[in-house]
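From a predicted model like this one, the values you see are computed outputs, not experimental measurements. One-based numbering along the sequence shown. All heavy atoms count here, side chains included; hydrogens, waters and symmetry mates do not. Order of appearance sets the numbers: ligands from 1, and atoms from 1 within every ligand.
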Amino acid sequence: MADIEHPRLVLHNFLSRDVCKELEFIHKSCCTIGYRPNVFSTTLSHLIATNCSHLIMPLVSIRERLREKVEEYFRCDFELVIEFTGLISWTKGASIGWHSDDNRSYLKQRDFAVVCYLNSYGEDFKGGLFHFQDGEPTTIVPLAGDVVMYTADNKNVHAVDEITEGERITLTLWFSRDSSHDEDAKLISFLSQGSLDNLDPKVGSHLPMPASNSMYWFPPDEASVFKSGFDIRCAKLHVLGLDLYSSSEQICQSSVNSGNKLLESLMEPLQLARGDQLFEMKFINVLHVFQVVQFYCWKGSKLKATEVEEGEAKLKLLSGEEKAKINCLKSVVLKDQLQAETFVNDLYSWKQQQQQQSCFDWAAFSAAVMEWEAYTQKLYHRILASFPHWRNYGSLFLVPELGEFGASF
Ligand SMILES: O=C(O)CCC(=O)C(=O)O
Ligand SMILES: [Fe+2]
């Protein structure tokens, strides 16, 4: 350890670009409103709670590699447990002043912090530089793939500048010497309560189940009444030019519209529309639609490069009545459309916006639907096979006899 006054380490390119992109996809398709203003988070227990435990798989080997690195660098002659793992993003206005990561009585179990940067300063966001109060290095410029690790005590007081543009995404972990704070034990117990314990991989058991609508509502203080603001998933779809269509008879009935009952249709089967066209596939709920669209955003350019047969997408022309239903639902999920548009546009750089909006392509999207299904099934079978081993050993790890698998699809 170079500096005992300020024990810390910066690693460049610890994660590959492909891995960063995959983790970004997981975060963008699953996150909810976070614990502070303008912060969004995806915890592993949230993935389990929303029937997306398979999305833990790409994180398993990364957690293992990071634990080894922390134990080795900080010369731990004891085993560390992971206390918390989260994908976290900060948007315009988010910042944190000088602090150490164990600075609350309920955080004293935190011994080491690890922050992996999944996207880059300058390219994906502005602001958000990380500073240590004393010692070297003083400033860290977040770049995709780089990692900073440091002791969570007051030898490493640090701060992060306010984000002024874009979205800054990290994978953040804390490690503890205290095994009673082992995140893995909690996750395994949580997984045992769910469908993974039943080794019969039912069709559909990997499909996402959203948390309550209030967890996706912005601003969060409006989430109990839904009178102003917007649903973050619907806002992101809207900016891509995508609308949600529910065939429910109740849509547009004034008695239903008057309350927030219409919001519940987000939990029910939905279709996607764009302009005059309705995509015929039915998704099981808004989170299912949203995950596939995020998958398309992740893989879109590759899908286009592969052979996608023109005209494969099953589309039909929207009727006037169907358009009216789309607008009714939209008026409920985007109470303040302008605010929603500004919010989403602030997340993307100008370049990203140009790419995403100008080239939406239904044929490539149809291919994405199938690839999403294959990707999800692959991870789901992986976690089903891994889970008995995890339960035996009481920790999450890459099971050697199941072989290596690429982190990226
Ligand atoms: O995201 C970062 O660079 C550090 C965040 C941080 O200091 C914290 O979450 O405690
Ligand atoms: Fe911190």
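Two rings, from Tyr216 and Phe218, have their centers 6.0 Å or more apart. Ring-centre distance between Tyr150 and Phe112: not below the 6.0 Å cut-off.
Here the heavy atom of the protein found nearest to atom 7 (O) of ligand 1 is His158 NE2, 2.9 Å. Given atom 5 (C) of ligand 1, the protein heavy atom at minimum distance is Trp90 CZ2, 3.9 Å.
Under 3.5 Å, the side chains of Thr85 and Arg63 contain a donor-acceptor pair of N or O atoms. Counted by atom type alone, Thr42 and His27 present one or more donor-acceptor pairs between their side chains at under 3.5 Å.
Here Glu222 does not pair with Lys227 in a salt bridge; the nearest charged N to carboxylate O distance is not below 4.0 Å. A salt bridge links Lys21 with Glu24: at least one charged nitrogen is closer than 4.0 Å to a carboxylate oxygen.
With ligand atoms numbered from 1 in the order given, ligand 1 contributes 2 (C), 3 (O), 4 (C) to contacts under 4.0 Å with heavy atoms of Val160. Taking every heavy atom of Arg168 and a limit of under 4.0 angstrom, the matching atoms of ligand 1 come to 1 (O), 2 (C), 3 (O). Atoms of ligand 1 lying under 4.0 Å from any heavy atom of Tyr117, numbered from 1 in the order shown and given with element: 2 (C), 3 (O).
Any protein N/O/S atom under 2.8 Å from the Fe ion (ligand 2) was counted, giving 3 altogether.
Counting heavy atoms of neighbouring residues, nucleotides and ligands inside a 6.0 Å radius, atom CD of Glu373 exceeds 12 of them. A 6.0 Å sphere centred on NZ of Lys126 holds no more than 12 heavy atoms belonging to other residues, nucleotides or ligands.
Here's the thing with His99: one of its N/O atoms is less than 3.5 angstrom from an N/O atom of ligand 1. In terms of N/O distances under 3.5 Å, ligand 1 is not approached by Thr172.
Relative ring orientation between Phe25 and Phe295 is described as perpendicular, the plane-to-plane angle rising above 60° on a 0-90° scale split at 30° and 60°.
With Phe175 as the partner, the side-chain contact (heavy atoms from CB on, under 4.5 Å) test is satisfied by one option alone out of Leu66, Val81, Asp111: Leu66.
Assignment of Asp101 to the shell around ligand 1 is supported, since a heavy atom sits closer than 4.0 Å.
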